[in-house]
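Working notes, structure below.
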Amino acid sequence: MGVAIRRAGESDRADVIRLLDEAFMRDPVSSWLFPDEGRRRDRHGALMGAFLDLAFAEGHVDVAEDGSAAALWWSVSAGSAHEDAAEGPALLRHAVDPDNERIEVIGRLTSEIHPADRPHQYLHMIAVKPERQRQGMGSALVAPVLERCDREGLHAYLEASNARSRELYLRLGFADLGSTLDLPEGPRMWPMWREPRTV
């Protein structure tokens, strides 16, 4: 599938936040984070904006030229994944929704399971507009980074937030990494790791 992809910049911020908000509004993890639908509509976009700002600061964001998909990546060095495990989730909660303990809980839990022994590319999120899902957009969007991982011998990591996305990542060469992360009284997440392929 021919998909024109480019690196997003600050001028894309509002459009990418809208895309992330729309794509993840009904995701099981987002629904767990904001069980009240009205609260989710009110605060979910702020959480997506915080994630986007982290990607701009620590990595990069790739977008489809037509605005239908985006992927948030950053490079993680060995030992750095747990550096902000205590402070980062609390700061995120305070910035997005101070009364919502679940924002801090998920940040702490995902930090605790994030591999810290090897440098890797971290795929934090892929968002595809609902009407463009199941058309190969996600695969096309992440392919250039995974090809670079293969050329340069880099590992990649992510947490799949639903069973459907896990299937996509399995097709892209990721494998389940240890146990699932079962959120308290909530959905399951799948930590996944990808070894570089020989090219």
Side-chain angles (χ1 to χ4, degrees), residues 1-30 33 44-77 80-81 92 106-107 110 114-115 119-152 154-177 189-197:
M1 174 180 198
V3 178
I5 298 164
R6 64 176 175 82
R7 189 65 48 91
E10 189 61 36
S11 63
D12 298 297
R13 187 175 187 277
D15 290 337
V16 175
I17 290 173
R18 275 192 295 274
L19 171 62
L20 294 169
D21 193 30
E22 180 182 17
F24 285 95
M25 181 64 70
R26 304 247 176 252
D27 183 81
V29 173
S30 291
L33 282 168
H44 188 260
L47 180 63
M48 298 298 106
F51 288 154
L52 179 62
D53 290 342
L54 283 170
F56 280 148
E58 304 292 335
H60 73 273
V61 178
D62 289 331
V63 294
E65 189 64 57
D66 66 0
S68 63
L72 281 57
W73 291 93
W74 51 89
S75 298
V76 178
S77 58
S80 68
L92 183 62
I106 194 171
T110 55
H114 197 129
H120 56 273
Q121 297 299 297
Y122 176 41
L123 177 55
H124 185 225
M125 308 177 89
I126 298 177
V128 179
K129 284 189 176 181
E131 66 271 17
R132 297 296 305 276
Q133 292 176 3
R134 298 183 182 268
Q135 297 178 15
M137 295 294 296
S139 298
L141 190 63
V142 301
V145 175
L146 296 182
E147 289 165 5
R148 181 171 65 85
C149 287
D150 293 340
R151 283 193 313 273
E152 299 178 10
L154 298 171
H155 301 89
Y157 172 75
L158 57 82
E159 300 104 8
S161 64
N162 61 65
R164 190 178 75 177
S165 66
R166 177 178 171 267
E167 291 301 318
L168 165 65
Y169 300 132
L170 288 169
R171 290 194 302 273
L172 293 172
F174 287 85
D176 292 326
L177 181 65
M189 298 177 73
W190 290 265
M192 303 184 78
W193 185 260
R194 186 182 185 275
E195 296 284 337
R197 294 174 171 172

- Message: For a 4.5 angstrom cut-off between non-hydrogen side-chain atoms, does Leu158 reach Tyr169?
- Response: yes
- Message: Less than 4.5 Å apart, side chain to side chain, heavy atoms only: is that true for Glu195 and His155?
- Response: yes
- Task: Applying side chain to side chain contact (heavy atoms under 4.5 Å, CB included) between Leu154 and each of Cys149, Ser75, Pro196, Pro119, report the one that passes.
- Result: Cys149
- Spacing of Glu131 atom CD and Gln133 atom CD [to the nearest 0.5 Å]: 8.5 Å
- Should Met125 and Met48 count as side-chain neighbours, where that means a heavy-atom distance under 4.5 Å? yes
- Task: Supply the atom-to-atom distance His60 NE2 to Arg7 CZ, rounded to the nearest 0.5 angstrom.
- Result: 4.0 Å
- Message: Run the side chain to side chain contact (heavy atoms under 4.5 Å, CB included) test on Asp176 and Arg166 for me, step by step, so that the C-alpha distance in whole Å, both residues' side-chain angles and the decisive distance to 0.1 Å come before the verdict.
- Response: CA-CA 9 Å; Asp176 292 326; Arg166 177 178 171 267; 2.6 Å; yes
- Task: Measure the shortest side-chain to side-chain distance between Leu72 and Leu20 over non-hydrogen atoms and say whether it is less than 4.5 angstrom.
- Result: yes
- With under 30° as parallel and over 60° as perpendicular, where do the rings of Tyr122 and Trp74 fit, or are they tilted in between? perpendicular
- Taking C-beta and beyond as the side chain, do Asp62 and Arg6 meet within less than 4.5 Å on heavy atoms? no
- Task: Identify the two heavy atoms, one from Val128 and one from Gly138, that lie closest to each other, and give their separation to 0.1 Å.
- Result: CG2-N, 4.1 Å
- Message: Quick check for you: to the nearest 0.5 Å, what is the distance between Leu172 atom CG and Ile126 atom CD1?
- Response: 7.0 Å
- Task: Determine whether His120 and His114 make a side-chain contact, defined as any pair of heavy atoms from C-beta on separated by less than 4.5 Å.
- Result: yes
- Item | Check against side chain to side chain contact (heavy atoms under 4.5 Å, CB included), Asp53 and Arg13 | CA-CA 9 Å; Asp53 290 342; Arg13 187 175 187 277; 2.8 Å; yes
- Task: Return the set of residues passing side chain to side chain contact (heavy atoms under 4.5 Å, CB included) with Asp27 (not counting sequence neighbours), or none when no residue passes.
- Result: Phe24, Val29, Ser30, Ser161, Asn162
- Determine the minimum heavy-atom distance between Leu92 and Ala50, stating which atoms define it. CD1-CB, 3.5 Å
- Looking only at heavy atoms, the pair that brings Ala8 and Phe56 closest together is O-CE2, 3.7 Å
- Item | Heavy-atom side-chain proximity of His124 to Leu54 below 4.5 angstrom | no
- Side chain proximity check, Leu170 to Met192, heavy atoms < 4.5 angstrom: yes
- Smallest separation among heavy atoms of Val142 and Ala71, with atom names: CG1-CB, 4.3 Å
- Note on the structure: CD of Glu159 to CG of Leu177, rounded to nearest 0.5 Å, is 10.0 Å
- Heavy-atom nearest pair, Tyr157 first then Phe174, reads N-CE2, 3.9 Å
- Message: Once rounded to the nearest 0.5 Å, what's the spacing between atom CD of Gln121 and atom CG of Leu146?
- Response: 9.5 Å
- Charged N to carboxylate O below 4.0 Å: is that the case for Arg18 and Asp21? no
- Exercise: identify the closest heavy-atom pair between Ala70 and Val63: CB-CG1, 3.9 Å
